[in-house]
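Below is one structure, written out as structure tokens, with a few remarks after it.
Heavy-atom basis, side chains included; hydrogens, waters and symmetry copies ignored.
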Amino acid sequence: MRRRMLGLAVAVITLAGAAGCGSSDSGGGASSPGSGKKTRVTVGVIPIVDVAPLYLGQKKGFFAKRGIELKTVTAQGGAAIIPGVVSGQFQFGFSNTTSLMLAQTKGVPVKSVVNGAASNGKVGADVTAVLVKKDSTVKSAKDLAGRTVAVNTLQNIGDTTVRESVRKAGGDPAKVKFVEIPFDQMPAALDGGRVDAAWMGEPAQTVAKAQGARVVASPFAETDPKLTVATWFTSAKTVQQNPALVKNFTEAMTESLEYATSHPDEARQILTTYTKISGDVLSGLILPSWPAEVDTASLEKLAALGEEDGIFGGKKPDIQALFS
């Protein structure tokens, strides 16, 4: 938590110098579609299945035809990407919605521009899940009380929705102990007994299942079957100073989301270009939902849970201002 809060604090501190931190390739505004001139756009991403539409859209030329040349930089989670976007290191980034809400309540000037990923609504087969070892005595989310559960970043969408699963199952969410471990290290941490359970995205959960792990909760689907999990966002400065670039990126990303939804096999295959997965793991991956629009009701629910957890320090996120 201290590390993540420091990152957000750095984002606020660097605002004063953000004007001089942007990429020289993108500082001159967006290129017009068909002009032949390309604008280099650096995007902060997480190496999980949720961001597949970006890479698929890049491959299909959806960004190039709008004058955008993409460069991706990976990070552990959305909380780590936010400071990079605000400082100008990235023009756009991918973040879970709780991280964006937290940033907003702390005065960090971020703005969601297009949807990223959502729960597929399938309990037991959602894009994230809490897994335990095959021989674990944990049989349901209720049994996670008093246990150690890995999440990729603390005080965020992972532990918030895990607590909701525990609460709905009749357990005490306050008794769950969360520890921070990167997604790609979770299968080994669980198999080695470093944690009792792990909340994993894909491809980590498919890797863990191959090691014998089993699902005991589907926090996203159990919180809201239409939960908007993450979005693509930028800084308020970019929205104000380069609206044409924001428009082009949003249109390209929307086309990418629609294409990924219509071509799930291609979305699955594109993972081989930015992760190390292949073979049986690839074919067994669970995909999220990729709607073009956010689900406002699910975001209001997530914000209420975050307030209940005390994540926002007594402040209430403005969902309309952030996501509309």
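Within the 4.5 Å cutoff, the side chain of Ile157 has heavy atoms near those of the Phe220 side chain. A heavy-atom distance below 4.5 Å is found between the side chains of Thr296 and Gln320. Counting only heavy atoms from C-beta outward, the side chains of Met200 and Pro187 approach each other to under 4.5 Å. Residues Phe63 and Lys38 are not in side-chain contact: their nearest non-hydrogen atoms beyond the backbone lie 4.5 Å or more apart. Two residues are said to be in side-chain contact when any heavy atoms from C-beta on lie closer than 4.5 Å; Tyr55 and Leu70 fail this criterion. The shortest distance between side-chain heavy atoms of Leu305 and Arg167 falls below 4.5 Å. Val130 has its side chain out of reach of Val138: every pair of non-hydrogen atoms, C-beta onward, lies at least 4.5 Å apart. Residues Phe233 and Leu322 form no side-chain contact, since every pair of their non-hydrogen atoms from C-beta on lies 4.5 Å or further apart.
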Checklist entry - So Leu299 and Val294, side-chain contact (heavy atoms from CB on, under 4.5 Å) or not? Walk me through it. => result CA-CA 8 Å; Leu299 290 172; Val294 301; 4.1 Å; yes

Next on the checklist: Run the side-chain contact (heavy atoms from CB on, under 4.5 Å) test on Thr275 and Val49 for me, step by step, so that the C-alpha distance in whole Å, both residues' side-chain angles and the decisive distance to 0.1 Å come before the verdict.
Outcome noted: CA-CA 9 Å; Thr275 72; Val49 66; over 6 Å; no

Item to check | side-chain contact (heavy atoms from CB on, under 4.5 Å) assessment of Val176 paired with Arg163 | outcome: CA-CA 8 Å; Val176 182; Arg163 287 190 186 97; 5.5 Å; no

Checklist entry - Is there a side-chain contact (heavy atoms from CB on, under 4.5 Å) between Lys139 and Arg214 once you walk through the steps? => result CA-CA 10 Å; Lys139 303 301 180 184; Arg214 54 185 174 82; 3.7 Å; yes

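Just one of Trp290, Phe94, Phe90 meets the ring pair (Phe, Tyr, Trp, His ring centres under 6.0 Å) condition when paired with Trp232; it is Phe94. Screening Leu285, Asp50, Ile48 for a side chain to side chain contact (heavy atoms under 4.5 Å, CB included) with Val127, the sole residue that qualifies is Asp50.
Minimum heavy-atom separation, Leu54 to Met253: N-CE, 3.5 Å. The two residues Pro219 and Ala129 make their nearest non-hydrogen contact at CD-CA, 4.1 Å. Shortest non-hydrogen contact noted between Pro173 and Gly171 is CD-O, 3.2 Å. Taking each heavy atom of Val151 and Gly158 in turn, the nearest pair found is CG1-C, 4.2 Å. When every heavy atom of Lys134 is checked against every heavy atom of Gly212, the shortest pair comes out as CB-O, 3.2 Å. Annotation for Val41 and Ile68: closest pair CG2-CG2, 3.7 Å, computed over non-hydrogen atoms.
A distance-only check finds no donor-acceptor pair linking the side chain of Thr250 to the backbone of Lys247 [under 3.5 Å]. Panel note: side chain Glu180, backbone Thr153; no donor-acceptor pair is recorded below 3.5 Å. A distance-only check finds a donor-acceptor pair linking the side chain of Thr273 to the backbone of Ile270 [under 3.5 Å]. Of the possible polar contacts, one joining the Asn120 side chain to the Leu287 backbone as a donor-acceptor pair under 3.5 Å is found. Distance alone, capped at 3.5 Å, places no donor-acceptor pair between the Glu308 side chain and the Ala304 backbone. Between the Asp159 side chain and the Gln155 main chain, a donor and an acceptor come within less than 3.5 Å of each other. No side-chain donor-acceptor contact under 3.5 Å links Asp309 to the backbone of Ile311. Under the 3.5 Å distance criterion, the side-chain polar atoms of Lys111 are left unmatched by any main-chain donor or acceptor of Thr234. Looking only at distances, no side-chain donor or acceptor of Thr148 sits under 3.5 Å from a matching main-chain atom of Lys177. Formation of a donor-acceptor pair under 3.5 Å by the Thr228 side chain with backbone atoms of Asn115 is not found in this model.
Using a cutoff of 4.0 Å between basic side-chain nitrogens and carboxylate oxygens, Glu164 and Lys301 are not scored as salt-bridged.
Follow the hydrophobic side-chain contacts under 4.5 Å out from Val207 and you reach Tyr274 in the same cluster. Criterion: ILVMFWY side-chain heavy atoms under 4.5 Å apart, direct or through other members. Under it, Val123 and Leu131 are not part of a common hydrophobic cluster.
Atoms CZ and CG, on Phe178 and Leu154 in that order, are 9.0 Å from each other to the nearest 0.5 Å. Put simply, NZ on Lys59 and CD on Glu266 are 6.5 Å apart, with the number rounded to the nearest 0.5 Å. Here the straight-line distance linking atom CD1 of Ile286 with atom CG of Asp126 works out to 7.5 Å at 0.5 Å rounding. From Met186, atom CE reaches atom CZ of Arg194 across 10.5 Å, with rounding to the nearest 0.5 Å. Atom CZ in Arg66 sits 4.5 Å away from atom CD in Glu255 (nearest 0.5 Å). Atoms CG and CD1, on Leu302 and Ile319 in that order, are 7.5 Å from each other to the nearest 0.5 Å.
Ring planes of Phe62 and Tyr259: perpendicular class, angle over 60° (limits at 30 and 60°). Between Phe92 and Phe249, the two ring planes are parallel [angle under 30°; tilted spans 30° to 60°].
Within a 6.0 Å radius of CD in Gln211, more than 12 heavy atoms belonging to other residues, nucleotides or ligands are found. In the displayed structure, Glu300 atom CD is contacted under 6.0 Å by more than 12 heavy atoms of other residues, nucleotides or ligands.
Looking only at atom types and distance, the side chain of Asn156 has a donor-acceptor partner in the side chain of Ser99 under 3.5 Å away.
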